[in-house]
Amino acid sequence: MSTSIAHAAVPLSRFLCLRGMGAHARARVMRALACALAGWLAIVLPLAAAVAPEGAPTDRRVLVLYSLGADSVSVWQRLVHKGVYEELGRNNWAVGPGIFEERFDANRVGEGAARAAMAPYLRSKYVDVKLDAVIAENQVATRFLNDHPDLFPGVPRYYVNHGRHDWQPDDGTGLEVQPDFARAIGIIPQVAPWVRKIVVIGDQSPRVRQWLADVRVAAAPHEGRIAFEYHDRDTFAQLETLVAGLDRRTAVFLLPTGQDPSGARMPPPALARRLAAASNAPIFTSLQSLVLPGIVGGYVVSGERIGRVIARIMLGQPADMGNVQGYHFDHPTVRRFGLGAIPPEATLVNRPDNIWDLYRWQIIAGLTLIVVQGALITALVVALRDRRRTLADLHDERNNLEDRVLQRTLELLMANTKLEQLATTDPLTGIANRRKMTDAIAAELERARRFQHPLALLMVDIDHFKRINDTFGHDVGDRAIVAMANLLTASLRTIDMAARFGGEEFVVLMPETDEAVAAVAAERLREAASAIRLPAGDGSDVVLTVTIGVAAARADDSPSALLVRADKALYRGKKSGRNRVIRATQPCDILP
């Protein structure tokens, strides 16, 4: 409440033009404002103290496994995250749980790649962390946790939004929502009574197939009045063509569709945007993350409400999935299609801002102060009239000066940014160069020592690179270096860093990784490199292989010491035949 009052005071000072008043006038206005705010505080602060939660858990440690990656690449993940922290805020998060979060990033890299090597990573990272609960959200994370009963033994497990029909885990609590398709379908003729056909769009994934079966059951009561047409085997291009040919007497019911029979994959929100741009008919859905500009919405499963369920589990409170569905509509799309009879409890998103909702407390405070200080304001207006022109000129000059300073500052920032990029980026491959990698190694070594976390480094060298240059020319050699840089960038985690260290030699820095896990990752890189084929000018293909040295950081390591150990391991690999991964701790008797 004190924050709201502080925010109210700033617009009031601007409303009264205090900066243009004389010293005496300013003092009188501020004394009046202080009296009004003091009265508010005397009433509000005791009430705030009375309703503050007590006894909230202060020592719980909870690990949350998210399936779909960072908020910036997943609408669903962003909604879930928003719900989590809103619920924690309502429950006095200042004394709430300690939260650990891990993401599989299945939206971008696929489920298989997201799950690879996650188990040893979690086992290593949380070996010394005593957890009170592990929460997995959505299909990838819940299936991973269920497939690894050896992780976090004895810790209560919660499988939220696991996506399996009539399933309950043996080793934890399953919290699943079954979409209410009776309401999701029933809202269409309610808001658009002229609709005579509904086109249902899905795909062949197990979860969507089950939902399609549930939709058919929900559609039965409407047969005879509304025709239903199902499309779950169309390509993305065919779906765009389909919706482009629909008229206003048809509606589309879009399930979260992310793959087509050709094997193409697309995030469901991206497909929703494409269909909305092409469709002449209103598009309804059953998932909040698909309620985007151009999509009507409907009765949907709410990611924000699922996030609140997760937050209640974090706080050790009872939680269920009984209230995670509701009506959500995109306001501009509702108006575009002339839809009516929207349920009064519905949430309308992308609605134009309401001044009262945004500035309620400021308006109340301003009106109260105007009534109490009416005579004072009248006197101040008379005094300000003579100074208005001078203040306007001063404001114009100040604004012009600020604009010039801002323009020069932005130009300097852009120049510095470009110089920094040129100094730390390899011009051929676009990845980090030796200087940037050396700085990163020093920083990560310091962090690893401070927090006693593992750190590994890979030294990667293209085999027989000189022979490639001599035989096929420097252009093919350059393309080999670029192909290797692209492979490293695509294969590594977001926390890893790759750099071209010199010539055909690359260095990969892997935080939170011990030597054994790094060796597994290096072996995958070696196998992927062996699959690279570069066309040569004579019609043949150049086959690449790499030798990789793996070293783990020690407590007393310097950047050069860690690099030397990895380089020695690489040298041993070169001497023993190339195209292999050698760990720094591997016995030396492998040499011929």
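Computed from a prediction, not measured in an experiment: that's the story for all the values here.
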S.K.: Once rounded to the nearest 0.5 Å, what's the spacing between atom CG of L563 and atom CD1 of I441?
M.R.: 4.0 Å

S.K.: Using 30° and 60° as the class limits, which term best fits the ring planes of H453 and F451: parallel, tilted or perpendicular?
M.R.: tilted

S.K.: Dump the intermediate steps for side-chain hydrogen bond (donor to acceptor under 3.5 Å, both in side chains) on T257 and D203, then the final yes or no.
M.R.: CA-CA 6 Å; T257 302; D203 60 30; 4.6 Å; no

S.K.: Sequence neighbours left out, what passes salt bridge (Lys or Arg N to Asp or Glu O under 4.0 Å) with R312? Give chain and number order.
M.R.: E87

S.K.: Which residue pairs satisfy the side-chain hydrogen bond (donor to acceptor under 3.5 Å, both in side chains) criterion with at least one member in residues 285-295, sequence neighbours excluded?
M.R.: Q288-S302, Q288-E304

S.K.: Is the backbone of L570 close enough, under 3.5 Å, to the side chain of D567 for a donor and an acceptor to pair up by distance?
M.R.: no

S.K.: For the CZ atom of R479 and the CG atom of L428, what is their distance to the nearest 0.5 Å?
M.R.: 12.0 Å

S.K.: Side-chain donor-acceptor pair under 3.5 Å between T142 and R164, yes or no?
M.R.: no

S.K.: So, the side chain of S67 versus the backbone of E137: is there a donor-acceptor pair under 3.5 Å, distance only?
M.R.: yes

S.K.: What residue pairs, at least two apart or across chains, pass ring-ring contact (aromatic ring centres under 6.0 Å, His included) with a residue in residues 130-155?
M.R.: F104-F144, F144-H148

S.K.: So does R449 pair up with D556, basic N to acidic O under 4.0 Å?
M.R.: no

S.K.: Sequence neighbours excluded, which residues qualify as side-chain contact (heavy atoms from CB on, under 4.5 Å) partners of T241?
M.R.: none

S.K.: Between R533 and D541, does any NZ, NE, NH1 or NH2 come within less than 4.0 Å of an OD or OE carboxylate oxygen?
M.R.: no

S.K.: State whether R526 and E523 are salt-bridged, where the test is any N-O pair (Lys NZ or Arg NE/NH1/NH2 against Asp/Glu carboxylate O) under 4.0 Å.
M.R.: yes

S.K.: D514: which residues meet the side-chain contact (heavy atoms from CB on, under 4.5 Å) condition with it, sequence neighbours left out?
M.R.: S124, P454, A516, V517

S.K.: I need the single residue from L458, D426, L488, L487 that forms a side-chain contact (heavy atoms from CB on, under 4.5 Å) with F506. Which is it?
M.R.: L488

S.K.: Is it true that a side-chain atom of D463 and a backbone atom of N579 form a donor plus acceptor pair closer than 3.5 Å?
M.R.: yes

S.K.: Hey, is R207 close enough to E176 for a salt bridge, meaning N to O under 4.0 Å?
M.R.: yes

S.K.: Tell me, do N350 and L292 make a side-chain contact under 4.5 Å, heavy atoms counted?
M.R.: no

S.K.: Between the side chains of R157 and D171, is the shortest nitrogen-to-carboxylate-oxygen separation below 4.0 Å, so that they form an ion pair?
M.R.: yes

S.K.: About how many Å separate NZ of K436 and CE of M497, when rounded to the nearest 0.5 Å?
M.R.: 5.0 Å

S.K.: Can K125 and E102 be counted as an ion pair, charged N to O under 4.0 angstrom?
M.R.: yes

S.K.: Would you confirm whether T547, through its side chain, and D461, through its main-chain N or O, come within 3.5 Å as a donor-acceptor pair?
M.R.: no

S.K.: Would R554 and D557 pass as an ion pair if we require N to O under 4.0 Å?
M.R.: no

S.K.: CG/L457 to CD/E515 distance, rounded to the nearest 0.5 angstrom?
M.R.: 11.0 Å

S.K.: Do R565 side-chain atoms and G549 backbone N/O form a donor-acceptor pair below 3.5 Å?
M.R.: no

S.K.: Please identify each residue that fulfils side chain to side chain donor-acceptor pair (under 3.5 Å) with D470, with sequence neighbours left out.
M.R.: K466

